Q: 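Can you read through this structure? Questions will come right after.
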Amino acid sequence: MTEQELIRREALAKLRELGVDPYPAATFEVTAMAADIVANYQEEILEDGTKNRLNFQEVALAGRVMASREAGKALFMNLQDSSGRIQLYLRKEEINGGKEDSPMFDAVVKKLLDLGDFIGVKGFAFKTKTGEVSVHVQEFTFLSKSLRPLPIVKRDADGNIFDAFTDPEARYRMRYVDLTVNPSFREIFIKRSKLIKTMRSYLDDLGLLEVETPVLQPIHGGAAARPFVTHHNTLDTTLYLRIANELYLKRLIVGGFDGVYEFAKMFRNEGMDRTHNPEFTALEFYVAYKDYHWMMDVTEQMLEKVARALHPDGASTAEFDGQVLNFAGPYRRLTMYEAISEYTGLDVETATEADLRAYCKREHIEIDATMGKAKLIDEIFGEKVEANLIQPTFLIDYPVEMSPLTKVHRSKPGLVERFELFVNGKEVANAYSELNDPLDQRARFEEQLQLAARGDEEAMALDEDFLRALEYGMPPTAGIGFGIDRLCMLFTGQASIQEVLFFPQMRPEK
RNA sequence: GAUCUCGUAGCUCAGUCGGUAGAGCACUUGACUUUUAAUCAAGGAGUCAUGGGUUCGAGUCCCAUCGAGAUCACCA
């Protein structure tokens, strides 16, 4: 144990000796928040020059002590609650309750109270002679003793920051410390909550039903990714943590719900980097009797609402890496073929597989012999186009081979009715006119099985029960999935997914 | 998975050519009845990520391991 930790444990023991419970059980009734007092305290100066305090004259606050400045028989502290910080002013005679021999001020407050401890105070708001709104404490209660020193960040009058707690490893492993001492990171998570709340309320207004579907699945369908595998003892069977919930949500459309949505944790047993975490959050929703054109309109409306809800001035924009992204619709709609033509000059519609291979070779795009035309197109898109799609852009009409759950295009042979939304060069949503032809769906699954047989680890598994559901009949349906973490990154200006997850995956300590 | 960078006090960091481990904040003791990065005085605090090697001598050089970050690869 470090010296400072030992000192705190001794302080804990001494508090108990003095009859102060460091961890009391009783409710402490909080009646005011720090930020509210600081923002709204009012006083007036009367004609005779005396001050008249107008509000917050009986307040009770609770929080952590984040700074302490002794001044003889008085003491200033900064108290931090969930709303922010406020200065406290304590005087010996009041804290001691007028009793000469009381240990409360000299022993308890000045010696045994440490930075990071939780306290409750009662008193009245006032302005110090330097003009800072503060609370004059008349009653003081210990609420919880902290046994480890917090890496408290200091800030001077000009806003310069000292000793910022910045080590990413320590911040992610001890998010509780990060959140306590780094208020700017708190804001990211508040925005995340607001983003989800805005989406949920938009979908509720559309009349969709929020549902829950299994995380433990016997067949990991709906996407192409390596799953986490687990085992159920009673059933003695292998189960997978879901890589997607798409096939379950569609079963609910089959069952007669016209619109369903789920905010769902997904699990993919793949690499980690600044845009991938093994578990991440998706929003998926499916609406009967709609197509992907309708879904593009809805996406524009929803994201504009989100942008305005998160922007401090209610604007439809977000700033990322110096770029101003505008989420007000309509977004640019570009077919896959148009996009490639625009950024490479290639006409992929008429090009042969050999033409595309030659192009990739010339442009040093890595390919292998097993790739068909569709896969080559996808590679070229990824290398040459994707990074250019900064403002929200719908990329539409993909080759059928890459989209086993998507309905074939109503007029363009070889393509499917699919779009992906790109923002800042990254995919943030993926949507289809859902494939509801059960025979076509079976054929597509079988193609995937052939890919798997050829060694494609990410080919989609065949789900007999899902096919049975489609055979009973699914109405025409539009569906979409959003990467919530990546949206959060965009709206909070964060380059790393770890900054928008409370507890990003880390290697075990030690 | 590959490459690069990093790991020193609770936090942020310095540490020269290989020669007794440093600073600020935090902490301890004392002073101070409106301070605010409070101030002033004194003091304590370290398995230099871990293990090995080279050397008379390693925080420093070499190797391995662990952890983190970045870039790349992979990845709906």
Side-chain angles (χ1 to χ4, degrees), chain A residues 1-8 10-11 66-78 85-95 105 110-111 114-116 126-134 136 146-174 177-178 181-182 222-226 243-244 246 266 268-278 280 282 366 378 382 386 398 402-406 418 420 426-432 457-460 481 483 486 495-496 498 504 506-510:
Chain A
M1 226 183 295
T2 66
E3 184 193 26
Q4 294 197 41
E5 288 174 276
L6 288 169
I7 288 165
R8 285 179 181 231
E10 283 166 25
M66 297 299 278
S68 178
R69 296 174 291 281
E70 292 180 22
K73 295 187 175 66
L75 187 146
F76 293 88
M77 297 194 296
N78 291 346
R85 292 189 190 185
I86 190 166
Q87 177 170 266
L88 306 180
Y89 175 56
L90 292 81
R91 289 166 58 171
K92 180 171 178 174
E93 61 200 44
E94 285 165 295
I95 297 305
F105 189 77
K110 280 178 81 166
K111 291 247 190 307
D114 291 305
L115 299 190
F126 75 111
K127 258 189 196 174
T128 64
K129 75 177 181 190
T130 57
E132 177 155 353
V133 175
S134 306
H136 187 125
S146 163
L147 296 181
R148 289 172 184 260
L150 277 174
I152 288 178
V153 180
K154 294 206 164 195
R155 183 186 292 262
D156 72 11
D158 300 325
N160 299 311
I161 290 175
F162 300 83
D163 302 333
F165 180 61
T166 51
D167 176 30
E169 181 176 2
R171 287 184 47 235
Y172 302 151
R173 288 196 195 278
M174 300 189 288
V177 173
D178 184 36
V181 302
N182 290 326
R226 294 221 305 268
I243 57 173
E246 170 159 358
M266 309 294 187
R268 296 187 183 177
N269 203 342
E270 288 169 355
M272 297 160 57
D273 60 29
R274 66 186 202 296
T275 56
H276 296 82
N277 194 66
F280 62 99
E366 272 187 50
D378 192 53
E386 195 170 338
Y398 286 62
M402 310 292 298
S403 310
L405 302 170
T406 313
R418 169 180 180 183
E420 290 187 315
K426 303 254 161 47
E427 178 206 340
V428 298
N430 182 20
Y432 324 134
E457 281 188 25
E458 281 163 354
M460 215 174 273
R486 291 186 187 177
S496 168
Q498 296 164 110
M506 301 288 278
R507 282 199 167 79
E509 272 183 279
K510 285 182 183 176

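Numbered from 1 within each chain, the chains take letters A, B, ... in sequence-line order. Worth knowing before you read on, the calculation uses all heavy atoms, side chains too, and leaves out hydrogens, waters and symmetry mates. Since this is a predicted model, take the numbers as computed values, not measurements.
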Q: Round to the nearest Å and state the distance from A/F162 atom CZ to B/rA38 atom P.
A: 10 Å
Q: Distance check, P atoms only: B/rA21 and B/rA49, in whole angstrom units.
A: 15 Å
Q: Using whole Å, report how far CD of A/E169 lies from C1' of B/rU12.
A: 16 Å
Q: Can you check the distance between B/rU54 and B/rG1, where both ends of the measurement are the P atom (answer in whole Å)?
A: 31 Å
Q: Of the nucleotides B/rA26, B/rC75, B/rA76, which has the atom closest to the A/E270 side chain?
A: B/rC75
Q: Does A/K111 have a side-chain nitrogen or oxygen under 4.0 Å from the phosphate oxygens OP1 or OP2 of B/rG30?
A: yes
Q: Taking only side-chain nitrogens and oxygens of A/R8, does any of them come within less than 4.0 Å of OP1 or OP2 of B/rC27?
A: no
Q: In chain order, what residues pass the side chain to side chain contact (heavy atoms under 4.5 Å, CB included) check against A/I95, with sequence neighbours excluded?
A: A/L90, A/M104, A/F105, A/V109, A/V137, A/F140
Q: Using the P atom as the point on both nucleotides, what is the distance between B/rA9 and B/rG22, in whole Å?
A: 14 Å
Q: Just compare B/rU28, B/rG69, B/rG30 and give me whichever is closest to any side-chain atom of A/Q498.
A: B/rG69
Q: Determine whether the side chains of A/S496 and A/Q498 contain a donor N or O and an acceptor N or O closer than 3.5 Å.
A: yes
Q: What does the list of N/O pairs under 3.5 Å between the protein and nucleotides 49-51 of chain B look like, with a distance for each?
A:
none

Q: Expressed as a whole number of Å, how far does the C1' atom of B/rG46 sit from that of B/rA26?
A: 15 Å
Q: Provide the distance between the two C1' atoms, one in B/rA37 and one in B/rC25, to the nearest whole Å.
A: 9 Å
Q: Touch check for A/R274, heavy atoms < 4.0 angstrom, all strands: base, sugar-phosphate only, or nothing?
A: sugar-phosphate
Q: So do A/H276 and A/R486 actually touch side chain to side chain, heavy atoms under 4.5 Å?
A: yes
Q: Rounded to the Å, how far apart are A/I161 CD1 and B/rC13 P?
A: 13 Å
Q: With sequence neighbours excluded, what pairs up with A/D114 under the salt bridge (Lys or Arg N to Asp or Glu O under 4.0 Å) test?
A: A/K145
Q: Can you sort out the partners of A/N269 under side-chain hydrogen bond (donor to acceptor under 3.5 Å, both in side chains), two or more places apart, ordered by chain and number?
A: none
Q: Quickly work out the A/L115 CG to B/rU28 C1' distance and round it to whole Å.
A: 14 Å
Q: Applying side-chain hydrogen bond (donor to acceptor under 3.5 Å, both in side chains), can you list everything that pairs with A/D158, at least two apart in sequence or on another chain?
A: none
Q: How many whole angstroms separate atom CE of A/M66 from atom C1' of B/rC25?
A: 14 Å
Q: The criterion is salt bridge (Lys or Arg N to Asp or Glu O under 4.0 Å); which residues satisfy it with A/R155, sequence neighbours excluded?
A: none
Q: Where do A/K110 and A/K92 land on the side-chain contact (heavy atoms from CB on, under 4.5 Å) test, with the steps shown first?
A: CA-CA 10 Å; A/K110 280 178 81 166; A/K92 180 171 178 174; over 6 Å; no
Q: Pairs under 3.5 angstrom, nitrogen or oxygen only, protein versus nucleotides 7-11 of chain B, please.
A:
unit_1: B/rC11; atom_1: O2'; unit_2: A/D163; atom_2: O; d: 3.1

Q: Rounded to the nearest 0.5 Å, how far does CD1 of A/I86 lie from CG of A/N78?
A: 9.5 Å
Q: Please give, in whole Å, the distance from B/rG67 P to A/M506 CE?
A: 11 Å
Q: I'd like the P distance from B/rC6 over to B/rA45, given in whole Å.
A: 31 Å
Q: Can you check nucleotides 32-34 of chain B for protein contacts, nitrogen or oxygen pairs under 3.5 Å, and list what you find?
A:
unit_1: B/rC32; atom_1: N3; unit_2: A/G72; atom_2: N; d: 3.2
unit_1: B/rC32; atom_1: N4; unit_2: A/E70; atom_2: OE1; d: 3.2
unit_1: B/rU33; atom_1: OP2; unit_2: A/K73; atom_2: N; d: 3.4
unit_1: B/rU34; atom_1: O2'; unit_2: A/K129; atom_2: NZ; d: 3.1
unit_1: B/rU34; atom_1: O2; unit_2: A/K129; atom_2: N; d: 3.1

Q: Using the C1' atom as the point on both nucleotides, what is the distance between B/rC61 and B/rG18, in whole Å?
A: 8 Å
Q: In chain order, what residues pass the side chain to side chain contact (heavy atoms under 4.5 Å, CB included) check against A/E420, with sequence neighbours excluded?
A: A/Y398, A/R418, A/F422, A/E427, A/N430
Q: Measure from CG on A/L147 to C1' on B/rC27 and round the result to the nearest Å.
A: 15 Å
Q: Using the P atoms only, state how far B/rG59 lies from B/rU3, rounded to an integer number of Å.
A: 28 Å
Q: Using a cut-off of 6.0 Å, state whether more than 12 heavy atoms not belonging to A/R173 lie near its atom CZ.
A: yes
Q: Taking the nucleotide of RNA chain B with the closest heavy atom to each, which residue, A/R507 or A/E420, is nearer the 5' end?
A: A/R507
Q: Quick check on RNA chain B: between A/H276 and A/P168, whose nearest nucleotide comes earlier from the 5' end?
A: A/P168
Q: What is the distance, rounded to the nearest whole Å, between atom CE of A/M272 and atom P of B/rA73?
A: 19 Å
Q: A/Q87: what forms a side-chain hydrogen bond (donor to acceptor under 3.5 Å, both in side chains) with it, not counting sequence neighbours?
A: A/R69, A/S134
Q: Contact class for A/R69 vs. all strands (heavy atom < 4.0 Å): base, sugar-phosphate, or nothing?
A: base
Q: Go ahead and write out RNA chain B as dot-bracket, 5' to 3': ( ) for pairs within the strand, [ ] for ones crossing earlier pairs, | when the partner sits on another strand, dots for unpaired; Watson-Crick or G-U wobble, both distances under 3.5 Å.
A: (((((((..((((.....[..)))).(((((.......))))).....(((((..]....))))))))))))....
Q: Can you measure from CZ (A/R171) to CG (A/D167) and round to the nearest 0.5 angstrom?
A: 9.0 Å
Q: What does A/R486 touch in the nucleic acid at a heavy-atom separation under 4.0 angstrom: a base, only the sugar-phosphate, or nothing?
A: nothing
Q: Side chain of A/D156: nearest nucleotide among B/rG67, B/rA70, B/rA37?
A: B/rA37
Q: Answer with base, sugar-phosphate or nothing: what part of the nucleic acid does A/M402 contact at a heavy-atom distance below 4.0 Å?
A: base
Q: What is the nucleic acid contact for A/P278, judged by heavy atoms within less than 4.0 Å: base, sugar-phosphate only, or nothing?
A: nothing
Q: Whether A/E270 and A/R268 form a salt bridge (side-chain N of Lys/Arg under 4.0 Å from carboxylate O of Asp/Glu) is what I want to check.
A: no
Q: With sequence neighbours left out, what residues match A/F76 under ring pair (Phe, Tyr, Trp, His ring centres under 6.0 Å)?
A: A/Y89
Q: Within this structure, what is the CE-CD distance for the pair A/M77 and A/E70, rounded to the nearest 0.5 Å?
A: 10.5 Å
